[in-house]
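Okay, so here's the structure we're looking at.
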Amino acid sequence: MKALFAILPLMLLTIGLNAQSNSEFTDVDVVQFEKMMEGNKNVVILDVRTPQEIAEGKIKGAMELNVYDPYFENKVEKLDKSKTYLVYCRSGRRSVSACNIMSKKGFNSLYNLKGGYNDWAKKH
């Protein structure tokens, strides 16, 4: 039993690192995210937070698509896969999930806002 408790933290760390690793999308900071937004008609800003969170503020022009919506995957499939998606949530974790789902659905140009709307709001 003691051995289990000794290796449990290592197992959790490994699982956490694997969940954070990605090759299907790119993490970007607020400055990079903002630069990618500027003047590019092929870019879609995608807010994957809940309606309650969005009511507290959002990035101007963002499309809203709650990652917790049971129909999220169905709605994602209707989006234009040729566009570039700048995806964000509150802290950057749910947007990782959203990017992973979108990647599996055939989206190739995905960017996740590190730190999410929390970091965005600090700079704006």
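It should be emphasised that the depicted structure is a prediction, and the values quoted were computed from it without experimental measurement.
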If you round to the nearest 0.5 Å, how far is [atom2] of [Y] from [atom1] of [X]?
X: E77; Y: F72; atom1: CD; atom2: CZ; result: 11.0 Å
X: K105; Y: K81; atom1: NZ; atom2: NZ; result: 8.0 Å
X: N108; Y: S103; atom1: CG; atom2: OG; result: 7.5 Å
X: N66; Y: Q52; atom1: CG; atom2: CD; result: 8.0 Å
X: T26; Y: L86; atom1: OG1; atom2: CG; result: 11.0 Å
X: E53; Y: E64; atom1: CD; atom2: CD; result: 11.5 Å

Polar contact flag, side-chain donor to acceptor under 3.5 angstrom, D47-Y88: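 A donor-acceptor contact under 3.5 Å links the two side chains.
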If every non-hydrogen atom of [X] is compared with every non-hydrogen atom of [Y], which pair is closest and at what distance?
X: L110; Y: E24; result: CD1-O, 4.0 Å
X: Y117; Y: I59; result: CE1-N, 3.9 Å
X: C89; Y: V48; result: CB-CG2, 3.8 Å
X: I45; Y: M37; result: CD1-CE, 3.6 Å

Does [X] belong to the same Ile/Leu/Val/Met/Phe/Trp/Tyr cluster as [Y], with side-chain heavy atoms less than 4.5 Å apart forming each link?
X: L65; Y: I101; value: yes
X: Y111; Y: V87; value: no
X: V44; Y: L113; value: no
X: V67; Y: V76; value: yes
X: V43; Y: L79; value: no

Whether E56 and R49 form a salt bridge (side-chain N of Lys/Arg under 4.0 Å from carboxylate O of Asp/Glu) is what I want to check.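 No, R49 and E56 are not salt-bridged.
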Would you say the side-chain atoms of E34 pair up with the backbone N or O of V31, donor to acceptor, closer than 3.5 Å?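 Judged by distance alone, no pair lies under 3.5 Å.
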Assess the residue pair L46 and M102 against the criterion (side chain to side chain contact (heavy atoms under 4.5 Å, CB included)); give the C-alpha distance rounded to whole Å, side-chain angles, the decisive distance to 0.1 Å, and a yes or no. CA-CA 11 Å; L46 186 60; M102 293 174 76; 3.8 Å; yes
Set of residues satisfying ring-ring contact (aromatic ring centres under 6.0 Å, His included) with respect to F107, sequence neighbours excluded: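 Expected list: Y85.
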